[in-house]
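Notes for the one structure printed next.
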Amino acid sequence: MGSGHKDTVYLSVTPGVGLELCLIDPQSRQVKAYAVRELAYNETTKDIADYEALKSAVEEMYMEVGVNPRCNVIVNLPVCALGTMNLPLIMAENSIEVSVTSEVEQSYIFRRLEPVVAWTDVNTGSNGGDTRKILYAAMQKPVIENIAAALGALGSTLTSVEISVVSYLRALDYIGYTSAQMKDNITWNLMIVSSTGYSLISMVGKTIVDYYEEPLAIKTFEGDDIYNAINASAQITLMSYPANYLYIISETDMVSAELLSKKIQNAGTVDFLENNTFKKQEVMPVSLEVLPDNVMKISLQAVGCALSLISNYPLHFDFMKDTAKVAVADEPVSLQFGDQTIDLSPTKATQLAFGVLVICAGLLSALAFGVLPGMESAKQSQLSEVEGKVKELETQLQTAEGEQSATGSFDMAKQVDYVLKNNRAKLMNYTAIGTSIPDTVWLTYFMTTDDGLIDVKGAATNVEDVYTFFKNMKDSLINTKLRLYKLQMQSSSVDDVISNDSSSNYEFEITNMEENQLKSLLGITSENGENENAASNAKNGGKAPNNKLLSDKPVQVN
C-alpha cells in the first residue's frame, strides 16, 4: 500500500568519476556501502548527457548494494551558478527571488533553460546598515525534473538536490580536514581546481562570504605550464581575498593539488587534498564490505552528499521547494487475462486493494464469530489432554531426579541441557554456511567447536563471491568475530596463471581462531622439531586433547 519507512540513498554526479552511490554509518563513521558507474556529464552545459543511462546505472547500483528501489534519494550535482548579492534589508522574499533570477539569467546556461534558485543570508557578524548580503545558487529546472523522472521510473523519490561546493565543505568539516580553518572569525580560502578552470570560495569559519570562478583552458597546457597558468591567475585573485589559510582541492587528473600548493606563494598557510588519481589514501575510512578496487574511487563530494542527514553543517540550498517530487508515475499497466486486456493504474490498484482488505476483514469477522468458538472447544480438549501428559512426564522426571539424588551418580537435567546447548551452536554454524554460500563458491574444509571456534576453507572462481560469502557469514554469525584469514590464487606460480587460458580459482580461509590455535589445529611443529600435537598428547598421558568437535575428525565438505 506504499506505507512504512523508506531508506535514503545518496547519489553524486562526479565529473571524472561517473555516478557514485555512497552510504555512511554514523556510528562507525565509515563508508558502509559504495558503488560507481560510468556516466557522461557535459561540463560546458552542466547537464547529464543521457538520462536513460542514468536510470540504468542507478538500477544496477541498487541491486549491487541491496537497496530497495522504493527509497528517497538525495543527489549531488556540480555547481551551475553560485554568487553573492547585496540587497535592501526590507526587500520581500518574492522580490529577492526575482532579483536572483534576473542575475543568473545573464549566464549562457540559463538563456535556454529555466533556473531554480535558492539563497541564504551571509552572516559574518559585520553586516549592518540597510542592506543584507545573500549567497545564492541556481540549477536548471529541466535537469532536476529529468533526474526526478528517471528515479521515479524505478520507484524512487527525489527529495533533495545538493551542489558540490556545499558537499565539499560538509565533508571537510565532518572528517576534520579543515578543523583549524573552520573556527569563528578565521578567514580562509578554498580553491577547487577542475578541468575547466578553478573556483575560489572566500570563507569566514563555516560561512561563505564570496565566490569567484575563473575559467581556464587547462587541457591546452602541458607539464608545468598548467601550474604556472593557474598560479599566475590565482595570485591576482588572492590579492582580492586576503586570508590566513588557503586549502586546495583538485578534482581533475591533470593537476596535482600537492604540486600546485608548492607553487602558490603569499596565500597564508597552504594545505591541500587530492580528489583525483593523485590521492594516496581514501578520503574517509571504509568498511570491509566496500570492494578494495572501489576504495580509492570514492570522491569527497560523494561523501559530503552522503552526510546530508548526518552532518549539522549550517549551509543548505533547497532547490525542491518549487519542483514536484516525482515518484512512480500513475500510468496504467496492461494486464492480459486470456483474450481480455485490463488497464490497471497504481491509483486503481490501491482502490482495489482497499476493497479486498474490506472483504477480508468481513470474512475474518464472520470466521471469528461463527467458526472459532467450535474450534476453540476442540482445541481446549486437546490442550487438556496434553496438560495431563505433561503432568505425567513431570512426575516421572521427579522420580528419576530422586533416584539420582540417592545415588549421586548422574544429573539428567544437566546432561540434557549440556547436549542441547552445544549442538545448537554447531547447528547454527552449519545453517549459516548453508544459507550464505554463493553458487560459485565451494568448501573444502569446515571445523567448529563447542566454544564457538570456526575454521572454513574453500575456493571460488572470483574474488567478489568470496567477499559476498564472507559478508553473509558475518551477518549470520554476528558475535563470532569472523575474519578473512587468507585469500590467494590456487596456481602455484605466475607461469601457471599466464599459460592457463581459463581464469584461476581463489583459495580462501575464514576463521575466528588466533594464529597459535590454527597452528595447534594443523599440528605445526615447534622450533625444536617436536610435533606440538604429539607433545600435547604426551603431556596428557598419551591421549589426544579434546577439540570438542562433532566427531574425532574435522568435517570435510566437497
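One is the number of the first residue; the rest follow in order along the sequence. The figures that follow rest on heavy atoms only: side chains count, while hydrogens, waters and symmetry mates do not.
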Just checking, is any N or O donor in the side chain of [X] or [Y] under 3.5 Å from an acceptor N or O on the other one?
| X | Y | result |
| --- | --- | --- |
| Y198 | T237 | yes |
| Q301 | N275 | yes |
| E20 | S299 | yes |
| S167 | N76 | yes |
| T159 | T157 | no |

Testing the basics here: between [X] and [Y], what is the closest heavy-atom pair and its distance to 0.1 Å?
| X | Y | result |
| --- | --- | --- |
| A138 | C80 | O-CB, 3.4 Å |
| Q181 | Y177 | OE1-O, 4.2 Å |
| S195 | M254 | CB-CE, 3.7 Å |
| C71 | V9 | SG-CG2, 3.7 Å |
| V466 | L484 | CG1-CD1, 4.3 Å |
| Y313 | M203 | OH-CE, 3.7 Å |

Side chain to side chain donor-acceptor pair (under 3.5 Å) partners of S164, counting only residues at least two apart = none

Applying side chain to side chain donor-acceptor pair (under 3.5 Å), name anything that partners S107, two or more places apart in sequence or on another chain.
-> none

What's the separation between atom [atom1] in [X] and atom [atom2] in [Y], rounded to the nearest 0.5 Å?
| X | Y | atom1 | atom2 | value |
| --- | --- | --- | --- | --- |
| L77 | Y41 | CG | OH | 6.5 Å |
| S194 | I249 | OG | CD1 | 12.0 Å |
| R70 | L154 | CZ | CG | 10.5 Å |
| F470 | E289 | CZ | CD | 9.5 Å |
| F317 | M139 | CZ | CE | 11.5 Å |
| L21 | Y34 | CG | OH | 9.0 Å |

With side chain to side chain contact (heavy atoms under 4.5 Å, CB included) as the test, would you mind laying out the steps for V290 and Q30 before giving the verdict?
-> CA-CA 10 Å; V290 178; Q30 292 181 336; over 6 Å; no

Looking only at atom types and distance, does a side-chain atom of [X] sit under 3.5 Å from a main-chain N or O of [Y], one as donor and one as acceptor?
| X | Y | result |
| --- | --- | --- |
| N231 | Y227 | no |
| R483 | M513 | yes |
| N512 | I454 | yes |
| N294 | V36 | no |
| D253 | T277 | yes |
| W188 | G205 | yes |
| Q140 | F110 | no |
| N244 | I186 | no |
| S56 | A53 | no |

Could you go step by step and tell me if F469 and F508 meet the side chain to side chain contact (heavy atoms under 4.5 Å, CB included) rule?
-> CA-CA 11 Å; F469 177 55; F508 65 89; 3.8 Å; yes

Determine whether more than 12 heavy atoms belonging to other residues, nucleotides or ligands lie under 6.0 Å from atom [atom1] of [X].
| X | atom1 | result |
| --- | --- | --- |
| L288 | CG | no |
| M63 | CE | no |
| K481 | NZ | no |
| Q488 | CD | yes |
| I90 | CD1 | no |

Between Y168 and I192, is a side chain to side chain contact (heavy atoms under 4.5 Å, CB included) present by the stated rule, with each step listed?
-> CA-CA 9 Å; Y168 271 131; I192 302 174; 3.4 Å; yes

Checking [X] now: which residues fulfil salt bridge (Lys or Arg N to Asp or Glu O under 4.0 Å) with it, not counting sequence neighbours?
| X | answer |
| --- | --- |
| E162 | R170 |
| E38 | none |
| D25 | none |

Passes side chain to side chain contact (heavy atoms under 4.5 Å, CB included), I298 versus M284? Steps please.
-> CA-CA 8 Å; I298 302 174; M284 186 177 187; over 6 Å; no

Taking the side chain as every heavy atom from C-beta outward, state whether [X] and [Y] have any pair of such atoms under 4.5 Å apart.
| X | Y | result |
| --- | --- | --- |
| N146 | I48 | no |
| P115 | E105 | yes |
| Y485 | E515 | yes |
| L11 | C305 | no |
| L300 | I175 | yes |
| I264 | L238 | yes |
| P15 | P78 | yes |
| I147 | V73 | no |

Sorted by first residue and then second, give each salt bridge (Lys or Arg N to Asp or Glu O under 4.0 Å) pair with at least one member in [range]; sequence neighbours left out.
| range | answer |
| --- | --- |
| residues 202-214 | D173-K206 |
| residues 291-310 | none |
| residues 179-194 | none |

Among pairs that include at least one residue of [range], which meet side chain to side chain donor-acceptor pair (under 3.5 Å), considering only residues two or more places apart or in two chains?
| range | answer |
| --- | --- |
| residues 86-95 | none |
| residues 262-273 | none |
| residues 57-66 | R37-E60, R37-E64, Y62-S156 |

Non-neighbouring partners of F221 that pass side chain to side chain contact (heavy atoms under 4.5 Å, CB included), sequence neighbours left out | D225, I226, A229

